[in-house]
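Notes for the one structure printed next.
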Amino acid sequence: MEVSVLIPAAGKGERLGLGPKAFLRVGGRTLLEWTLAAFLEAAEVLVALPPGASPPRGLRATFLEGGETRQESVARLLEAASLPLVLVHDVARPFVSRALVERVAKAARAQGAAVPVLPVPDTLIRPEGEAYGAALPREALRLVQTPQGFFTALLREAHAYARKQGLSATDDAQLVQALGYPVALVEGERTAFKVTYPEDLFLAEALARVWNGSPQAR
Ligand SMILES: Nc1ccn([C@@H]2O[C@H](COP(=O)(O)OP(=O)(O)OP(=O)(O)O)[C@@H](O)[C@H]2O)c(=O)n1
Ligand SMILES: C[C@](O)(CO)[C@H](O)COP(=O)(O)O
């Protein structure tokens, strides 16, 4: 697939508390190894590692040092990208299917920017102090995932604009939207959840035992 895959993997994993998640082993493989399995057809894979981390041997990827924030890590990965389409995917989402990768790549190739989203399965509220507060219209809301796909030139422009304006965001789509460029939505996958908190390891260990690259339950 003629895309540059950018894997921000330089995070400290502070909420999980077990060090950088890229090297966390689940089901006998690191999260980085699980993640790279979905991108074997990509023409180029670039991975941002924590400062001082030794690049793992035997993996088909180019490694560079990440930055202080996810946004800075992606900016550094972007500098090294050589193809006109990029997919940006968190190493913290190791169980990503090739079907999702292809779905995002297809939409990004057609529209310039695309991200996977999921409906919100729980009631969502805006608390008022310690009180319940107000319920939000969850049917109008979506959970955003990665991989996020973009024309490389568009994402470079978005990061340059963000640097100039002092904008920071939790994902790349927000930076592209800040340029006034529409971001398309495609169906995400609940199995592409982000390993963030200790309890997520129960889910990751269980999924690792049955994961065959497809998000469909047996
Ligand atoms: N300076 C940073 C911070 C985050 N990331 C990456 O961004 C993705 C999503 O971030 P998150 O889940 O928050 O990972 P961490 O930053 O490691 O987690 P925490 O916030 O709990 O420290 C992860 O793949 C992480 O490695 C990165 O490349 N560079
Ligand atoms: C990019 C992302 O995975 C989209 O949902 C999310 O914003 C990353 O958040 P984090 O706090 O950096 O884990």
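Everything quoted here is computed from the prediction, not taken from an experiment. The basis for the numbers below is simple: all heavy atoms, side chains too, and nothing from hydrogens, waters or symmetry mates. Whatever order the structure lists them in is the order used to number ligands and atoms, beginning at 1.
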(message) Is it the case that the side chain of R103 and the backbone of E187 share a donor-acceptor pair, with hydrogens and angles ignored and the cut-off at 3.5 Å?
(response) yes

In Å and rounded to the nearest 0.5 Å, what is the [atom1] to [atom2] distance from [X] to [Y]?
| X | Y | atom1 | atom2 | result |
| --- | --- | --- | --- | --- |
| S168 | E72 | OG | CD | 12.0 Å |
| L24 | W34 | CG | CH2 | 12.0 Å |
| T123 | Y132 | OG1 | OH | 5.0 Å |
| D171 | Q148 | CG | CD | 4.0 Å |
| T30 | L59 | OG1 | CG | 6.5 Å |
| H159 | R163 | NE2 | CZ | 8.0 Å |

Looking only at protein heavy atoms, which one is nearest to [atom], and how far off is it?
| atom | result |
| --- | --- |
| atom 10 (O) of ligand 1 | R70 CD, 4.6 Å |
| atom 20 (O) of ligand 1 | R15 NH2, 3.0 Å |
| atom 13 (O) of ligand 2 | K194 NZ, 2.6 Å |
| atom 1 (N) of ligand 1 | G67 O, 2.9 Å |

(request) Taking only Lys NZ, Arg NE, NH1 and NH2, and the carboxylate oxygens of Asp or Glu, determine whether R70 and D90 approach each other closer than 4.0 Å. (result)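 D90 and R70: salt-bridged.
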
Enumerate the atoms of ligand 1 whose separation from the nearest heavy atom of [X] is less than 4.0 angstrom.
| X | value |
| --- | --- |
| E14 | 19 (P), 21 (O), 22 (O) |
| K12 | 17 (O) |
| A92 | 12 (O), 24 (O) |
| E68 | 1 (N) |

With a 4.5 Å limit on heavy-atom distance, are the side chains of [X] and [Y] in contact?
| X | Y | result |
| --- | --- | --- |
| D200 | L16 | no |
| V115 | V104 | no |
| T146 | V88 | no |

Which of the atoms in ligand 2, numbered in the order shown and given with their element, are less than 4.0 Å from a heavy-atom of [X]?
| X | result |
| --- | --- |
| D171 | 1 (C) |
| R15 | 10 (P), 11 (O), 13 (O) |
| R93 | 2 (C), 3 (O), 4 (C), 5 (O) |
| R70 | 1 (C) |

(message) Looking only at side-chain N and O atoms, does T69 offer a donor or acceptor that is under 3.5 Å from a partner on Q71?
(response) no

(message) With a heavy-atom distance limit of 4.0 Å, tell me whether K21 approaches ligand 1 through its side chain, its backbone, both, or neither.
(response) side chain

(message) Classify the ring geometry of W211 against F95: parallel below 30°, tilted from 30° to 60°, perpendicular beyond 60°.
(response) perpendicular

May I ask which of [options] has a heavy atom nearer to [atom] than the others do?
| atom | options | value |
| --- | --- | --- |
| atom 5 (O) of ligand 2 | V144, V117, L143, T146 | V144 |
| atom 5 (N) of ligand 1 | P50, A9, G11 | G11 |
| atom 24 (O) of ligand 1 | S73, P8, A10, A22 | P8 |

(request) Answer yes or no for D90: is there a heavy-atom contact with ligand 2 below 4.0 Å? (result)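 Flag set, D90 near ligand 2.
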
(request) Could you tell me whether T170 approaches ligand 2 through its side chain, its backbone, both or neither, with non-hydrogen atoms closer than 4.0 Å? (result) both

Taking the non-hydrogen atoms of [X], is any one of them nearer than 4.0 angstrom to ligand 1?
| X | answer |
| --- | --- |
| T69 | yes |
| G13 | yes |
| A48 | no |

(message) Checking the N or O distance criterion of under 3.5 Å, is ligand 1 in contact with V91?
(response) yes

